[in-house]
Amino acid sequence: MKSRKIVKHIKRTATDSMDLSYCYVVLDDDVIDTKDGGRLVLYQALYRENKKFVRSYSEFYGTVNGHKRFTSVSGSLLVQCQAKAKTLI
């Protein structure tokens, strides 16, 4: 489980560290689908309504057109994301 890992989606284009669009906190990446036993990732948005999402493990950690779908966050953006994540749970 890589809980509380901060990641950004490939769609993120914002350069302002105060803009948390397409930034997420991974709540659990060892969730089991009761239908087929597949491994899932539970993650939560750090922007707007802070919705929670579930995606298959292979899709979450997979690639889109040769680029990772989600990548780690660093620098001042990481600091802002960590502060926001602390307020969610």
Side-chain angles (χ1 to χ4, degrees):
M1 180 170 79
K2 295 177 184 170
S3 63
R4 309 301 287 179
K5 179 179 177 182
I6 306 292
V7 297
K8 61 183 176 179
H9 191 275
I10 193 171
K11 290 181 186 176
R12 181 175 166 77
T13 57
T15 56
D16 178 2
S17 66
M18 297 303 287
D19 179 359
L20 302 184
S21 297
Y22 297 106
C23 291
Y24 303 88
V25 58
V26 176
L27 302 176
D28 196 338
D29 71 354
D30 197 21
V31 177
I32 304 300
D33 188 330
T34 58
K35 277 185 156 181
D36 63 12
R39 192 170 176 189
L40 303 171
V41 177
L42 172 64
Y43 59 107
Q44 186 170 12
L46 297 175
Y47 60 98
R48 293 192 202 129
E49 300 88 27
N50 306 116
K51 292 182 180 180
K52 292 179 183 169
F53 302 94
V54 177
R55 190 182 289 260
S56 74
Y57 186 91
S58 60
E59 189 177 9
F60 188 90
Y61 289 107
T63 60
V64 176
N65 298 325
H67 300 280
K68 288 185 177 182
R69 184 180 308 275
F70 291 92
T71 56
S72 296
V73 172
S74 61
S76 59
L77 179 59
L78 177 60
V79 173
Q80 293 299 320
C81 289
Q82 287 172 329
K84 176 66 177 183
K86 286 181 183 178
T87 68
L88 298 178
I89 300 175

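We use all heavy atoms of the structure for the numbers below, so side chains are in, but hydrogens, waters and symmetry mates are not. Everything numeric here is computed off the predicted structure, so don't read it as measured data.
- Of all heavy-atom pairs spanning Lys11 and Tyr22, the tightest one is CD-CE2, 3.6 Å.
- Closest non-hydrogen pair, Leu40 versus Ser56, comes out as CD2-CA, 3.8 Å.
- Taking the ring centre of Tyr57 as origin, the terminal cationic atom of Arg39 falls inside the region bounded by 6.0 Å and 45° from the ring axis.
- Pairing each heavy atom of Asp19 with each of Arg12, the nearest pair is O-NH1, 2.8 Å.
- Across all non-hydrogen atoms, the minimal contact from Asn50 to Ala45 is ND2-O, 3.1 Å.
- The structure places CD of Gln44 at 9.0 Å from NZ of Lys84, a figure rounded to the nearest 0.5 Å.
- Distance NE2/His67 to CD1/Ile10: 6.0 Å, rounded to 0.5 Å.
- A side chain to side chain contact (heavy atoms under 4.5 Å, CB included) with Leu42 holds for exactly one of Leu27, Val26, Asp29; it is Leu27.
- Contact detail for Arg4 and Ala85: the closest heavy-atom pair is NH2-O, 2.9 Å.
- Ring geometry for His9 versus Tyr24: interplanar angle over 60°, hence perpendicular rather than tilted (30 to 60°).
- For the atom pair Leu88 CG and Leu46 CG, the distance stands at 6.0 Å (nearest 0.5 Å).
- Test Ile6, Val73, Val7 against Val25 for side chain to side chain contact (heavy atoms under 4.5 Å, CB included) and you get one pass: Ile6.
- Aromatic rings of Tyr61 and Phe70 (six-membered ring for Trp) have centroids beyond the 6.0 Å cut-off, not under it.
- A single hydrophobic cluster is not seen to contain both Val64 and Tyr43; linkage of ILVMFWY side chains at heavy-atom distances under 4.5 Å, directly or through other members, places them apart.
- The two residues Ser17 and Gln80 have their closest heavy-atom pair at O-CG, 3.3 Å.
- Between the NZ atom of Lys8 and the OG atom of Ser21 there is a distance of 12.5 Å, given to the nearest 0.5 Å.
- Here the side chains of Leu77 and Leu20 are in contact, with some heavy-atom distance below 4.5 Å.
- Rounding to the nearest 0.5 Å places CZ of Arg69 at 9.0 Å from OG of Ser58.
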